[in-house]
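What follows is a short report on a single structure.
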Amino acid sequence: MEKKALSFELIKEDKRTNARVGVIHLPHGDIKTPVFMPVGTQATVKSMTPDELKNEVGAHIILSNTYHLYLRPGHELIKEAGGLHKFMNWDRNILTDSGGFQVFSLGDLRKITEDGVEFRSHLDGSKHFISPEKSMEIQNYLASDIMMAFDECAPYGASHEYVEKSMERTTRWAKRCKDYHKNTENQALFGIVQGGFYKDLREKSANDLIKLDFPGYAIGGISVGEPKEEFLEMLRFTTPLLPKDKPRYLMGVGSPDYLIEAAISGIDMCDCVMPTRMARNGTALTHYGQVNMLNAKHTHDFTTLDKDCDCYTCKNYTKAYIHHLIKAKEILGARLLSIHNLRFLVKLMEDVRCAIEEERLVEFKEEFYEKYGYKE
């Protein structure tokens, strides 16, 4: 029997929602789900050391970006270094995206054909071409534990005709990715369901990809600027279409309400750059809503950032000190907020797991929303 890089164990399903608790078994350790994955775009989660990610944040898997690493420092160099784990000194799991989203967000700088995408680098304007096969080659060189099929992310508001052509191409590209990818013992390849905001296209995309029998499936092309109601409608429609016995990954989602809704819908994995980006802008995620640490009201506030948080920052520093660091543009300020924001979201998903296991997820959501200040 052929050894596979990934296996998924379904532990418990919630009786009142579609939420579930599971374990993803991967080459660099087990991941309890549902899980939030910090984003390390350029082979680093911004301002964090690997030890901080492990010991302070509690991350067991992070995401890195194929497009950015292809352009700089180059996948050949990373292969020469022994792969991404050795290059960045991270001995836990890594998921790499396909580069598709970044390439398609280049707009006028790229040209899509059936073969792949020709684009100009945002760094120096140099011309490049990524095909499904090239995306697989880059990710094989990076040696990530989970890699993503090359897909086209259609823009929000695109017509049914445009999205249908885009979705069909994504399915053809997914097959080409699967045919090219041979390192199935060490790297699991996920297919990405597209189809914009058209339910018939989402259903067809999911059914066609399921026939290709990937070890896991992602939902792409939502949380791209649409109203929350549309996001929720498409999330709740698409997730149950995916196999129960394989991991389900919702791409690019990181706000607390979206993470909770994702788990309720049956999603196992989420990622987002939001927590570290907010930290660099001086904003903290707390159980009582977002807090702007630049506000003058924090000048003499010697209380902790979030009394319900167990992170290093909250155990050791006051709002007054963090306000001072942020105002003075000291690097430590962004670092302390990054530790806090990342831990907040990783811990949120740990709490969601506990709530599912204890069959109180609906109550957990209500309590969290009330405290945070969310209105349904």
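The residues of the chain are indexed from 1 along the displayed sequence.
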For residues 19-43, which residue pairs pass the salt bridge (charged side-chain N to carboxylate O under 4.0 Å, His left out) check, not counting sequence neighbours? Arg20-Asp268
With side-chain hydrogen bond (donor to acceptor under 3.5 Å, both in side chains) as the rule and sequence neighbours excluded, what pairs involving residues 95-104 come up? Asn65-Asp97, Asn65-Gln102, Thr96-Gln139, Thr96-Ser144, Ser98-Asp151
Does the separation of the ring centres of Tyr317 and His324 fall below 6.0 angstrom? no
So which pairs with a foot in residues 81-94 pass salt bridge (charged side-chain N to carboxylate O under 4.0 Å, His left out), sequence neighbours left out? Lys54-Asp91
Audit row: Asp213, Lys246, salt bridge (Lys or Arg N to Asp or Glu O under 4.0 Å) steps and yes/no: CA-CA 10 Å; Asp213 193 26; Lys246 294 183 177 181; 2.5 Å; yes
Which residue pairs pass the salt bridge (charged side-chain N to carboxylate O under 4.0 Å, His left out) test when at least one of the two sits in residues 187-201, sequence neighbours left out? Lys199-Glu233
So ring pair (Phe, Tyr, Trp, His ring centres under 6.0 Å) across residues 124-153, not counting sequence neighbours, yields Tyr70-His128, His75-Tyr141, Phe119-His128, Phe150-Trp173
Using the test side chain to side chain contact (heavy atoms under 4.5 Å, CB included), find all partners of Lys307 that sit at least two apart in sequence or belong to another chain. Tyr288, Thr304
Restricting to pairs with a member in residues 279-305, which pass salt bridge (charged side-chain N to carboxylate O under 4.0 Å, His left out), not counting sequence neighbours? Asp301-Lys319
Ring centres under 6.0 angstrom apart (Phe344, His287): yes
Could you tell me whether His323 and His300 have their ring centroids closer than 6.0 angstrom? no
Once side chain to side chain contact (heavy atoms under 4.5 Å, CB included) is applied, do any residues pair with Ile210, and if so which ones, sequence neighbours excluded? Tyr217, Pro243
Here the ring pair (Phe, Tyr, Trp, His ring centres under 6.0 Å) pairs for residues 29-66, sequence neighbours left out, are none
Any residue meeting side chain to side chain contact (heavy atoms under 4.5 Å, CB included) with Glu203, in chain and number order, not counting sequence neighbours: Asn207, Phe237, Leu241
Can Lys371 and Glu367 be counted as an ion pair, charged N to O under 4.0 angstrom? no
Would you call Arg110 and Glu118 a salt bridge, using N to O less than 4.0 angstrom? no
Can you pull out every ring pair (Phe, Tyr, Trp, His ring centres under 6.0 Å) where at least one residue sits in residues 353-376? Sequence neighbours excluded, please. Phe368-Tyr372, Tyr369-Tyr374, Tyr372-Tyr374
Is there a side-chain contact between Pro34 and Ile356 in this structure, where contact means two heavy atoms from C-beta onward sitting under 4.5 Å apart? yes
Got Tyr156 and Glu230 here, is their nearest side-chain heavy-atom distance under 4.5 Å? yes
Non-neighbouring partners of Ala320 that pass side chain to side chain contact (heavy atoms under 4.5 Å, CB included), sequence neighbours left out: Phe302, Thr318
Shared ILVMFWY cluster between Val39 and Leu95, side chains joined below 4.5 angstrom? yes
